[in-house]
Amino acid sequence: MTAATNQTTVVQPLRPWRPTFSQQFARFVTVVLVVAAAAVVVLVSPLAGLAGIALVAIPLQMAVSVARSSRHGSVAARNDVATSLIWSAFLVLLVPWMSIIFTVVRRGYQAISVNFFTDDMRITAPDADLASGGIAHAIVGTLIMVAIASIVSVPLGILSGIYITEIRGRFTKVVRFIVQAMSGVPSIVAGLFIYSTLVLYNKSYSGLAGALALAVLMVPTVARTSEEVLKLVPEDLRFAGYALGSSQASNVFRIVLPTVRSGLVTSGILGVARVAGETAPLLMTAQVFLATKGNPLDGPLGSLPVVIFSFFQNGADNAVTRAWGASMVLMILITFLFALARAVSADRRRSRR
Amino acid sequence: MRLSKKSVAALFAAVTIAGTGGTVVSANQQTLTGAGSTFIKNLFDACIPEYNDISNDTVSYGGGGSGAGRTAFINGTADYAASEARFGSAEKPPADFTYVPLIAGPVAIAYKNSNLTGTLQLSPATIAKIFAGQITTWNHADIAAENAGITLPSNNIVVVYRADSSGTSTVFAQYLTAAAASIWTKAPSGTFVNAMPSGAPAGSIAAPGSDGVINKVASTEGSITYVELSFQKENLGDGVKAASVRNAAGTYVAPSPVAAAAAVAALPAANYDQATGWVSPDFLTTVPNAYPITALAMGIARKTYSAKNDSVRDFFNYILNTCAKAQAPSLGYAALTGNSLRFAQARANTISVVGNPALTTVKRNQTITGANLVAAAGLAGTPTLRVTKGGNVCRVVNKTDIRGTRAGTCDVRVTVGTTNVTLKITVTR
């Protein structure tokens with residue numbers, strides 16, 4: 001061998017699985033052809049609509065992928081089949097999701113106006129003109145009840161997560177079992193529990209009772225999620241902390257918890273998402289109220305899910321439009337809370353680094 | 001998205017402040033909580049905002065069904081309730097409750113069959129056979145015999161009924177028991193499946209709530225159900241029609257507020273229960289233009305005086321005297337008139353009077369009527385009065401009234417029949 005050249009060449013990693021442009025183009029054309037063929041089949045057969053097209057197109061795409069295997073070899077064929085399967089599954093999942101958002105917006109946008117957010121239904125009938133009345137009472141009520149429920153259940157949930165993963169005391173199994181059992185409790189049972197204790201004792205529905213019913217539902221979600229999140233903390237990190245001479249408490253609060261801050265925020269968010277749309281327990285505990293008020297201790301309190309329910313029950317066109325509008329507000333509110341919690345947790349982490 | 005703690009707090013504050021742009025309830029206004037009948041809910045939905053507007057009170061109505069309303073009233077979580085069924089023997093209502101009839105309305109036999117043109121006519125016996133599962137096709141001989149001019153399709157009848165405990169179910173089952181006793185052999189029940197003679201017919205569908213059953217009918221060809229008229233009217237566009245029902249006079253009458261009002265107007269005196277205020281419907285009405293399946297929704301309230309109960313009385317009076325008359329026809333109800341209205345007004349005025357200080361306070365040289373004293377004592381009838389203490393403060397005049405003679409207090413014993421109640425009367429200058 002002669003040292004003929006001193007040139008250094010940067011070795012590009014070979015990526016044989018990566019399709020070339022022409023392959024990608026061919027694949028795209030195939031998909032378009034398959035969908036077009038499916039559309040033709042739907043036109044001439046009793047199948048109808050998007051579902052019909054999907055029903056024909058997905059198996060057809062599989063068949064085409066398998067047929068192409070003779071030219072591209074079995075690995076490429078399997079890759080093609082898997083790719084088209086995953087993409088079809090994604091699109092199929094996207095359909096109901098988009099459909100929900102689209103339906104809620106299409107049917108509810110007429111209800112949205114300034115007064116919808118600033119006024120309540122105290123002196124407005126559900127079937128009255130959309131220019132009057134609103135759901136301020138329900139927005140405030142839901143925010144109050146979700147806030148109280150979070151204050152009660154987030155610390156409780158995270159602490160039980162810490163008990164299970166960090167302290168690992170004698171009752172670890174019992175706590176985990178109870179948390180798992182609680183997560184299966186139907187929401188109406190949580191409502192009944194608070195109804196038969198707090199509501200009957202006070203002889204009055206109240207926002208606080210509603211919040212506590214939500215808290216009962218929220219605790220297991222928060223506890224289970226935070227347990228899963230805490231399990232992700234590498235043991236090495238804990239050992240390192242102990243090696244530096246920290247106590248268990250400071251290890252937990254200064255090393256473990258900050259490591260998974262965003263995960264814990266997520267657990268709180270999941271808890272809120274779990275309860276924000278609950279109707280049955282609130283009907284029994286907070287019942288309905290038509291005026292805006294900020295006191296969760298004094299009598300019934302309105303909330304978005306219950307307002308949606310009673311608008312739908314009324315059945316008049318304007319009432320149903322209000323119900324869709326309120327559903328839209330509920331969706332936006334939860335999205336907003338998600339974004340808020342995300343932003344807050346991201347913000348703190350950035351400033352620390 | 002970058003947000004500090006402060007901006008988060010500010011956002012929440014902004015949302016809260018925006019929320020208070022609506023009406024804020026202050027302490028001296030009453031907030032009334034109600035629950036019960038879904039039959040009357042659409043009327044309450046229309047009347048409550050009007051009453052809130054003129055009174056400064058905040059009344060809410062949670063619905064939930066007649067049974068739930070009675071329970072909430074017993075438990076004290078509801079200040080008033082509405083129901084089409086009486087308190088059951090196992091229920092223990094507070095001793096001072098009263099029923100107040102608030103509204104009447106027809107229960108329609110709603111059906112959907114696009115191949116059936118014209119209006120179906122049904123006798124009580126045929127309706128009972130359909131809901132008992134003895135008639136299973138639309139062209140059954142019994143239906144054909146009553147609908148000579150109509151071509152009947154041969155598809156199956158799908159019976160749709162209420163899954164939840166409901167006053168409407170109770171009324172409909174009571175009607176079938178009264179008008180078709182030989183076929184409908186089971187006792188009425190709020191849970192309709194328990195009242196069906198041989199259980200739910202094959203292929204029948206149970207759905208919760210009035211809106212639930214009517215939506216099922218609207219989407220199921222060949223189905224039939226019983227539902228408040230307003231719900232049938234809302235679904236007319238989907239081809240849901242209402243059958244005309246034969247009354248005891250032999251006339252087929254279509255459900256309408258007018259036909260229901262005719263049934264209520266002809267109620268015999270025996271159907272008015274003077275003791276509790278309950279008014280029973282007359283399913284065997286012989287008035288030719290009366291619709292036989294007419295339900296009466298009762299308000300339930302307390303006779304004991306309190307500021308809240310005062311508001312309940314004002315609210316019920318507002319419904320009886322003002323709101324029902326204006327709203328009932330468009331919502332498919334029949335407002336009470338004549339005898340029934342007078343009876344209802346008298347009942348409403350027994351709310352919040354027992355122990356009401358306004359009824360036992362009198363100015364010097366003026367009189368309290370015996371009727372007020374009887375009401376304040378929580379009794380009914382013509383009283384015998386006797387001053388038992390403070391004979392120089394007040395005295396009995398005209399045998400039934402009390403006149404204050406000088407400032408002070410006195411005790412008056414009110415006797416109706418064998419019941420004695422002693423009231424403390426205050427005489428002011």
Practice task
Answer with side chain, backbone, both or neither: which region of B/Asp45 has an atom nearer than 4.5 Å to a non-hydrogen atom of chain A?
Solution key: both

Handout entry: Residue part contacting chain A, namely of B/Phe231, when any heavy atom lies under 4.5 Å
Key = side chain

Handout entry: Check against side-chain contact (heavy atoms from CB on, under 4.5 Å), A/Gln313 and B/Ser210
Key = CA-CA 8 Å; A/Gln313 266 203 327; B/Ser210 301; over 6 Å; no

[X] versus [Y], closest heavy-atom pair with distance:
{"X": "B/Glu234", "Y": "A/Asn314", "answer": "OE2-O, 4.0 Å"}
{"X": "A/Phe312", "Y": "B/Asp211", "answer": "O-OD2, 4.4 Å"}
{"X": "B/Asn75", "Y": "A/Tyr195", "answer": "ND2-OH, 2.9 Å"}

Problem - Part of A/Thr124 within contact of chain B (heavy atom distance under 4.5 Å) - result: backbone

Handout entry: Toward chain B, the part of A/Phe309 with a non-hydrogen atom under 4.5 Å
Key = neither

Practice task
Return yes if some donor-acceptor pair links the side-chain N/O of A/Arg122 with the main-chain N/O of B/Ile48 below 3.5 Å, else return no.
Solution key: no

Exercise for the section: Sequence neighbours left out, what pairs pass disulfide (SG to SG under 2.5 Å) with at least one residue falling in residues 264-293 of chain A? Expected result: none

Handout entry: Proximity of residues 62-72 of chain B to chain A, residues having a non-hydrogen atom under 4.5 angstrom
Key = B/Gly62, B/Ala72

Completion exercise
Rounded to the nearest 0.5 Å, the OG1 atom of B/Thr33 sits from the CZ atom of A/Phe289 at a distance of 7.5 Å

